[in-house]
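Structure first, commentary second.
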Amino acid sequence: MPEAAPSATAFAPRRILVIVTRQIGDVLLTTPLLDAAHAAWPEAVIDVLGFAGTLGMLEGHPAVSTRIAIGARRDWRSMLALARRLWRRHDLALIAEASDRAHLLGFVAAPVRAGLVPERRAHAWWKRLLLRHAVRVAGDRGETHVASEKLALLAPWMGSAPPPQVRPPPPHPLPPDLAQAIGPAPVIVHSPSMWRYKQWPIEHYRVVVAALLADGRQVVLTGGDAAGDRDCVAALMSLGAAPQLIDACGRLDFNQLADLFARAALYIGPDTSITHLAAAAGTPVIALFGPTNPMRWGPLGHGMAGPVPYRRHALEQQSAQVTLMQGEATCAPGVPCGRAGCEDRRDSASACLETGLAPQRVIDKARLLLGVSALGGVR
């Protein structure tokens with residue numbers, strides 16, 4: 001049974017641990033929770049525990065004291081060592097992930113815990129027993145944005161939460177050669193996706209980039225250091241040369257990306273963490289979504305004043321400066337299906353992206369946002 005928690009009015013934790021053991025985008029979408037916890041308890045020390053390689057999104061975050069990185073693989077020897085290190089070091093654990101490991105670490109770390117729990121899984125009962133406050137999550141077919149779910153962890157102490165405001169990392173200067181080559185209003189195109197089922201075809205990106213270059217725009221191609229990212233970007237580099245077409249793949253950390261986005265006239269990219277970062281930075285964004293539910297995962301525009309406005313499906317919908325585009329339904333489940341591609345595997349294709357979202361739609365929207373006519377040139 002969980003320990004008794006102090007009353008909401010009297011509770012003043014000195015140390016808080018936020019646990020977010022998922023991908024980079026999940027870490028970024030935890031920033032509204034971090035800001036709200038810091039506002040509620042400004043004197044508290046806030047630490048964040050997550051997977052190695054994901055916590056760079058929090059570099060320079062004013063509310064975060066220590067970033068605790070752990071391996072994604074389950075190594076029980078290192079887990080026991082981590083448990084000894086964490087044992088009751090914190091007063092409150094905010095478990096922003098529904099996994100077994102996250103909840104066990106939260107139990108070890110703090111006597112008072114609030115956490116996300118799966119709505120329908122039978123084994124979630126023991127997690128609820130360990131929590132002072134449980135937030136039930138419906139998964140990818142639900143209707144609550146994941147950032148709002150994380151904010152709801154603070155409900156016993158702050159009541160109703162404000163609309164989530166995602167905080168990008170503070171900008172750091174670009175490498176000197178890129179800073180000199182990149183003009184004041186480039187178009188950023190991010191073509192790689194971590195998973196195959198979120199990948200818009202590179203052939204489609206080639207059509208879009210070629211149109212942007214023909215319109216006289218400078219295009220900067222971004223991506224990570226992984227071989228797959230480099231392959232995606234390399235397949236686009238034959239369309240032009242510097243300085244009109246610039247390869248920045250693998251050269252920028254998240255803080256430098258924030259600086260790049262501050263310069264950009266437009267960003268075009270898939271359902272990925274970098275698209276969320278561009279949206280949080282205030283850049284005009286075209287986000288290309290396939291089987292993922294935008295009600296839960298749509299990028300949150302900068303300065304969004306009301307509830308998350310996305311619907312499950314619309315060929316085009318808006319949140320602040322973000323335009324989210326989806327494909328037309330080409331299958332029985334419809335769009336979005338909430339599956340990992342048509343074969344429900346991360347390495348499977350998604351027909352709604354490959355055949356349901358034509359590149360000309362993206363070109364037309366980009367030209368409208370950039371004020372460029374279909375024949376080229378500024379209107």
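All values reported here derive from a predicted model rather than from experimental measurement.
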Whether [X] side chain and [Y] backbone form a donor-acceptor pair below 3.5 Å:
X      : Y      : answer
Thr222 : Cys249 : no
Asp26  : Gln23  : yes
Arg128 : Ala134 : no
Glu97  : Ser99  : yes
Gln244 : Leu213 : yes
Arg361 : Leu315 : yes

Modelled atom types, side-chain donor and acceptor of [X] and [Y], under 3.5 Å:
X      : Y      : result
His172 : Asp253 : no
Gln326 : Glu316 : no
Thr283 : Arg263 : no
Gln318 : Thr323 : yes

Using a cut-off of 6.0 Å, state whether more than 12 heavy atoms not belonging to [X] lie near its atom [atom1].
X      : atom1 : answer
Glu328 : CD    : no
Arg14  : CZ    : no
Arg345 : CZ    : yes

Checking Asp344 now: which residues fulfil side chain to side chain contact (heavy atoms under 4.5 Å, CB included) with it, not counting sequence neighbours?
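Counting only residues at least two positions away or on another chain, Asp344 forms a side chain to side chain contact (heavy atoms under 4.5 Å, CB included) with Arg339, Ala340.
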Quick one: do [X] and [Y] make a salt bridge, cutoff under 4.0 Å?
X      : Y      : result
Asp47  : Arg15  : yes
Glu354 : Lys198 : no
Asp215 : Arg217 : no
Asp91  : Arg113 : no
Arg251 : Asp225 : no

Distance in Å, Arg167 CZ paired with Leu33 CG, rounded so as to fall on 0.5 Å steps:
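Here the rounded value is 13.0 Å.
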Could you name each residue pair satisfying side chain to side chain donor-acceptor pair (under 3.5 Å) that touches residues 291-303, not counting sequence neighbours?
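The answer is Asp140-Trp297, Glu149-Arg296, Asp271-Thr292.
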Classify the ring geometry of Phe11 against Trp41: parallel below 30°, tilted from 30° to 60°, perpendicular beyond 60°.
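Phe11 and Trp41: perpendicular rings.
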Among Ile268, Leu245, Ile363, Leu239, side chain to side chain contact (heavy atoms under 4.5 Å, CB included) partner for Leu212:
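Testing Leu212 for a side chain to side chain contact (heavy atoms under 4.5 Å, CB included) against Ile268, Leu245, Ile363, Leu239 leaves exactly one candidate, Ile268.
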With sequence neighbours excluded, residues passing side chain to side chain donor-acceptor pair (under 3.5 Å) with Lys150:
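Scan of Lys150 (side chain to side chain donor-acceptor pair (under 3.5 Å), adjacent residues dropped) gives none.
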Among pairs that include at least one residue of [range], which meet ring-ring contact (aromatic ring centres under 6.0 Å, His included), considering only residues two or more places apart or in two chains?
range            : answer
residues 126-150 : none
residues 202-223 : Trp200-His204, Trp200-Tyr205
residues 226-278 : Phe261-Tyr267

Give the C-alpha distance, both sets of side-chain angles, the deciding distance and a yes or no for side chain to side chain contact (heavy atoms under 4.5 Å, CB included) between Gln218 and Ile182.
CA-CA 8 Å; Gln218 183 183 51; Ile182 296 173; 3.9 Å; yes
Does Val117 form a side chain to side chain contact (heavy atoms under 4.5 Å, CB included) with Val137? I'd like the steps, not just the answer.
CA-CA 6 Å; Val117 295; Val137 296; over 6 Å; no
